[in-house]
Amino acid sequence: MSILMALFLGLIQGITEFLPISSSGHLSILQNLLNMGYNDESHLLFQVLLHLGTLVSICVVYRQELKLMVSDGIEYLQLRGDNEADEPLVLKAPARTLLFVFIGTLPLFIALIFWGSISQLFFHTGFVGFALIVTGGLLFVSDKYIKRGKKSEKTIKLSDALVIGLAQAVATLPGLSRSGTTISVGLARGLSGSFAVRFSLLLSIPAVVGATIVALYRAIREGVDFSLFPTYFAGFIVAAVVGFFTIQFLRRLVAKGGFGKIAYYCWILGGVTILLSLVL
């Protein structure tokens with residue numbers, strides 16, 4: 001892998017991981033249709049670093065909230081352990097968010113059961129194109145027909161977290177945007193625009209951490225070519241920096257109701273992908 005390829009893929013990862021246009025769909029197109037020499041199995045460590053790059057960008061943007069989520073969660077557990085009288089305790093908003101992120105992550109275990117079949121769809125670009133069209137439909141409907149709610153970390157319900165978590169599990173299908181699906185479903189459940197984005201991105205942290213651990217294990221088992229590490233690290237830096245600015249753009253996009261415009265991009269890309277899959 002060349003340094004230019006690593007930089008380019010880092011750029012793609014940083015943009016598509018957070019914008020509702022499907023990172024898996026774009027990587028499938030690059031690998032299967034454009035024949036760019038990128039191979040998932042031979043560069044597993046690079047995949048690890050790309051995901052770590054986008055994970056770093058989330059943690060930097062929401063560093064204060066993550067700190068409060070952890071500290072308030074620990075405080076709640078300590079108070080509960082010391083509460084001999086079994087008096088009712090109230091979860092603070094950050095600890096409540098942490099709880100619902102955990103609950104929203106549970107449906108991913110359903111996706112793990114079918115992961116063998118799901119991962120094979122990455123190589124079926126016709127399916128990826130169709131999934132991109134579905135992503136565009138979700139974005140268009142959420143932008144044009146769903147009224148913005150007011151639910152926040154203080155009022156989100158258990159059922160909301162589970163439904164959004166199920167949406168994230170479905171979005172493991174390549175071509176379906178994880179952020180687009182979870183944000184759209186969050187808006188449909190009455191979350192405010194800002195909280196829908198925040199909850200979607202916080203919900204991605206356990207998923208990314210889990211995927212990174214699995215990929216790192218596979219990379220170590222298959223063997224790592226450390227001579228390529230500087231090239232991989234360059235991709236990591238680009239993914240982290242671009243991801244940071246993409247999150248800022250996503251937050252403004254949802255606040256202004258700009259999902260409808262991105263829907264047209266997904267439709268065009270999905271249609272072109274299907275046509276190319278038929279002729280190439």
Side-chain angles (χ1 to χ4, degrees), residues 1-63 119-125 128-129 132 172 174-180 201 204-205 207-250 253 262 265-266 268-270 272-273 276-277 280:
M1 177 182 291
S2 68
I3 185 70
L4 288 178
M5 176 66 73
L7 295 174
F8 176 71
L9 291 172
L11 175 67
I12 295 297
Q13 176 73 14
I15 293 174
T16 61
E17 182 69 20
F18 301 118
L19 285 187
I21 54 178
S22 178
S23 60
S24 62
H26 280 73
L27 290 177
S28 173
I29 293 168
L30 289 175
Q31 178 172 325
N32 301 323
L33 292 182
L34 302 184
N35 212 10
M36 297 189 68
Y38 168 73
N39 184 283
D40 201 32
E41 294 299 321
S42 62
H43 297 292
L44 285 171
L45 180 60
F46 184 56
Q47 280 294 294
V48 171
L49 290 174
L50 285 185
H51 283 98
L52 280 178
T54 49
L55 179 63
V56 166
S57 60
I58 298 173
C59 293
V60 170
V61 172
Y62 292 110
R63 58 190 180 279
S119 61
Q120 289 303 310
L121 292 174
F122 180 87
F123 301 101
H124 295 272
T125 47
V128 170
L132 283 166
T172 56
L176 275 181
S177 166
R178 194 209 66 83
S179 62
L201 294 177
S204 73
I205 293 177
V208 172
V209 170
T212 299
I213 292 173
V214 171
L216 182 60
Y217 169 76
R218 289 174 59 200
I220 294 174
R221 186 182 62 184
E222 297 294 330
V224 177
D225 184 356
F226 286 101
S227 66
L228 288 173
F229 185 79
T231 300
Y232 292 165
F233 188 72
F236 160 81
I237 294 295
V238 171
V241 173
V242 173
F244 174 84
F245 289 105
T246 303
I247 291 174
Q248 308 297 346
F249 177 73
L250 175 65
L253 184 71
I262 295 183
Y265 171 81
C266 291
I268 293 171
L269 181 61
V272 171
T273 300
L276 290 177
S277 70
L280 294 181

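Atom set for the values below is all heavy atoms of this structure, side chains included, hydrogens, waters and symmetry mates excluded. The first residue of the sequence shown is numbered 1, and numbering continues consecutively from there.
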For residues [X] and [Y], determine if any side-chain heavy atom of one lies less than 4.5 Å from a side-chain heavy atom of the other.
X      : Y      : answer
Leu253 : Ile262 : yes
Leu201 : Ile247 : yes
Ile29  : Leu132 : yes

Check [X] against [Y] and note the closest heavy-atom contact, atom names and distance.
X      : Y      : value
Phe233 : Leu49  : N-CD1, 4.2 Å
Thr54  : Ala239 : CG2-O, 4.3 Å
His51  : Thr212 : CB-OG1, 3.7 Å
Ser28  : Phe122 : OG-O, 2.6 Å
Thr273 : Leu269 : OG1-O, 2.7 Å
Pro174 : Ser24  : CA-OG, 3.2 Å

My understanding is that only residues two or more places apart in sequence, or in another chain, count here; which of them pass side chain to side chain donor-acceptor pair (under 3.5 Å) with Ser57?
none
The test is side chain to side chain contact (heavy atoms under 4.5 Å, CB included); show your working for Ile21 and Ser177 and say whether it passes.
CA-CA 6 Å; Ile21 54 178; Ser177 166; 6.0 Å; no
When rounded to the nearest 0.5 angstrom, what is the spacing between CG in Leu176 and CG in Leu121?
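So the gap between those two atoms works out to 10.5 Å.
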What's the spacing between Ile3 CD1 and Leu228 CG if we round to 0.5 Å?
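Result: 10.0 Å between the selected atoms.
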Set of residues satisfying ring-ring contact (aromatic ring centres under 6.0 Å, His included) with respect to Tyr62, sequence neighbours excluded
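In terms of ring-ring contact (aromatic ring centres under 6.0 Å, His included), with neighbours along the sequence ignored, Tyr62 is linked to no residue.
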Could you go through Phe18 and Ser179, starting from their C-alpha distance and side-chain angles, then the distance that decides it, and tell me whether this counts as side chain to side chain contact (heavy atoms under 4.5 Å, CB included)?
CA-CA 6 Å; Phe18 301 118; Ser179 62; 5.5 Å; no
Please evaluate residues Ile205 and Leu55 with respect to the criterion side chain to side chain contact (heavy atoms under 4.5 Å, CB included), reporting the C-alpha separation (whole Å), side-chain torsions for both, the decisive distance (0.1 Å), and the verdict.
CA-CA 7 Å; Ile205 293 177; Leu55 179 63; 3.8 Å; yes
What class does the angle between the rings of Tyr232 and Phe46 fall in, given that below 30° is parallel, 30 to 60° is tilted and above 60° is perpendicular?
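Tyr232 vs Phe46 ring planes: tilted.
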Can you give the donor-acceptor pairs under 3.5 Å from side chains of residues 6-16 to other protein atoms, not counting sequence neighbours?
residue, atom, partner, partner atom, Å
Gln13, NE2, Glu17, OE1, 3.2
Thr16, OG1, Ile12, O, 2.6

